[in-house]
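Below is one structure, written out as structure tokens, with a few remarks after it.
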Amino acid sequence: MGRRPSPMRCPSCDADLEGRVRGPYSIGFSDAGILYCDQCGRTLEFSAYDKFYASLESSKMPWALEQQEKALVEGNLVRCKCGGKFCFDAPPRCPACKSSIAALLPDRMHYYILPDSLDGTKGDSIWIPRERTS
Ligand SMILES: [Zn+2]
Ligand SMILES: [Zn+2]
């Protein structure tokens with residue numbers, strides 16, 4: 001008794017996520033677009049000022065996209081190396097057991113960065129290379 005549950009423990013397997021998962025960060029004050037792999041929860045991050053993103057969605061912050069606009073962005077992203085897809089609506093997952101850890105977040109305007117993430121703002125290739133067709 002008396003042990004205060006750490007807010008950074010996986011609700012499913014009780015793994016200590018402190019130091020393994022970064023955050024939570026608030027998305028409402030940033031230009032960050034965050035998606036998680038629908039299989040392994042790996043994080044993909046990009047900036048609203050990313051050139052390619054801006055060519056798809058010139059003005060909106062990624063968190064303000066409509067469903068259809070999200071699908072357009074998702075369709076242009078590379079696949080995760082696990083074979084999964086990066087989805088705006090996929091939850092962050094525990095690195096140990098792969099269960100959703102979305103319940104640890106204060107709300108949907110916060111996000112975690114999981115280990116081994118793809119970061120478009122740091123030069124990782126996140127968009128499917130495309131031939132110019134027009
Ligand atoms: Zn877990
Ligand atoms: Zn994955």
Side-chain angles (χ1 to χ4, degrees):
M1 68 167 246
R3 190 178 74 105
R4 197 170 58 92
S6 159
M8 288 297 275
R9 277 187 179 277
C10 172
S12 300
C13 74
D14 203 38
D16 189 356
L17 303 177
E18 197 75 55
R20 299 180 74 180
V21 170
R22 287 185 288 135
Y25 302 108
S26 172
I27 210 164
F29 297 102
S30 80
D31 60 316
I34 301 292
L35 303 88
Y36 303 105
C37 170
D38 62 355
Q39 305 284 315
C40 72
R42 193 171 179 223
T43 320
L44 182 147
E45 190 174 359
F46 66 89
S47 158
Y49 304 111
D50 180 281
K51 276 207 181 82
F52 186 81
Y53 175 77
S55 77
L56 295 174
E57 266 311 321
S58 50
S59 54
K60 279 191 182 173
M61 286 295 133
W63 50 266
L65 296 179
E66 308 290 340
Q67 209 56 42
Q68 200 180 325
E69 298 162 334
K70 288 179 177 176
L72 177 66
V73 173
E74 288 168 353
N76 282 284
L77 290 168
V78 295
R79 301 289 287 236
C80 178
K81 60 184 175 187
C82 82
K85 269 187 71 182
F86 292 104
C87 296
F88 280 100
D89 295 330
R93 290 177 189 277
C94 166
C97 73
K98 310 294 183 206
S99 301
S100 168
I101 52 170
L104 298 179
L105 290 170
D107 55 52
R108 289 186 62 84
M109 291 303 283
H110 286 77
Y111 64 95
Y112 289 127
I113 299 288
L114 281 91
D116 193 26
S117 64
L118 273 179
D119 189 346
T121 69
K122 304 235 167 74
D124 291 338
S125 305
I126 57 167
W127 305 110
I128 297 172
R130 230 162 252 282
E131 307 289 329
R132 251 184 202 291
T133 50
S134 60

Original post:
Could you state the interatomic distance from CD (Glu74) to CD (Gln67), rounded to the nearest 0.5 Å?
Top reply: 7.5 Å
Original post:
After noting the C-alpha distance and the side-chain angles of Trp127 and Asp50, does the key distance pass the side chain to side chain contact (heavy atoms under 4.5 Å, CB included) rule?
Top reply: CA-CA 11 Å; Trp127 305 110; Asp50 180 281; 3.0 Å; yes
Original post:
Looking at side-chain heavy atoms only, is the closest gap between Pro95 and Leu17 below 4.5 Å?
Top reply: yes
Original post:
Can you name the closest pair of heavy atoms from Gly23 and Met8 and give their distance?
Top reply: O-CE, 4.3 Å
Subject >> Minimal non-hydrogen separation, Ala48 against Pro62, with atom names >> reply: CB-CD, 3.6 Å
**OP:** Answer yes or no: is there a donor N or O on one side and an acceptor on the other, between the side chain of Asp107 and the main chain of Met109, under 3.5 Å?
**Re:** yes
Original post:
Less than 4.5 Å apart, any side-chain heavy atom of Pro11 and any of Ile101?
Top reply: yes
Original post:
Between Tyr36, Phe88, Tyr25, which is the residue that forms a ring pair (Phe, Tyr, Trp, His ring centres under 6.0 Å) with Tyr111?
Top reply: Tyr25
Subject >> pair Arg108-Asp89: side-chain heavy atoms closer than 4.5 Å >> reply: yes
**OP:** Report yes if some heavy atom in the side chain of Thr43 is under 4.5 Å from a heavy atom in the side chain of Pro92; otherwise report no.
**Re:** no
Original post:
Taking atom OH of Tyr112 and atom CG of Leu105, what is their separation to the nearest 0.5 Å?
Top reply: 4.5 Å
Subject >> Separation of Cys94 SG from Asp16 CG (nearest 0.5 Å) >> reply: 10.5 Å
**OP:** Nearest 0.5 Å please: distance from the CG atom of Leu118 over to the CZ atom of Arg42.
**Re:** 4.0 Å
Original post:
Does Ala90 offer a backbone N or O that forms a donor-acceptor pair with the side chain of Asp38 under 3.5 Å?
Top reply: no
Subject >> Side chain proximity check, Ser47 to Tyr53, heavy atoms < 4.5 angstrom >> reply: no
**OP:** Compare every heavy atom of Cys37 with every heavy atom of Gly84, then report the nearest pair and how far apart it is.
**Re:** CA-SG, 3.8 Å
**OP:** Compare all side-chain heavy atoms of Tyr49 with those of Thr121 and state whether any distance is below 4.5 angstrom.
**Re:** no
Subject >> Within-4.5 Å side-chain heavy-atom neighbours: Ile34 and Ile113 >> reply: yes
**OP:** Measure the spacing between CZ of Arg79 and CD1 of Ile128 and express it to the nearest 0.5 Å.
**Re:** 8.5 Å
**OP:** Indicate the atoms forming the closest heavy-atom contact of Asp116 with Lys81, along with that distance.
**Re:** OD2-NZ, 2.7 Å
Original post:
Any side-chain heavy atom of Glu45 within less than 4.5 Å of one from Lys122?
Top reply: no
Original post:
Which pair of heavy atoms, one from Ser117 and one from Arg22, lies closest together, and at what distance?
Top reply: OG-NH2, 4.4 Å
Subject >> Distance (rounded to the nearest 0.5 Å) between Ile27 CD1 and Trp63 CH2 >> reply: 9.0 Å
**OP:** Grab the two heavy atoms, one from Gly41 and one from Arg93, that are nearest each other, plus how far apart they are.
**Re:** N-CD, 3.8 Å
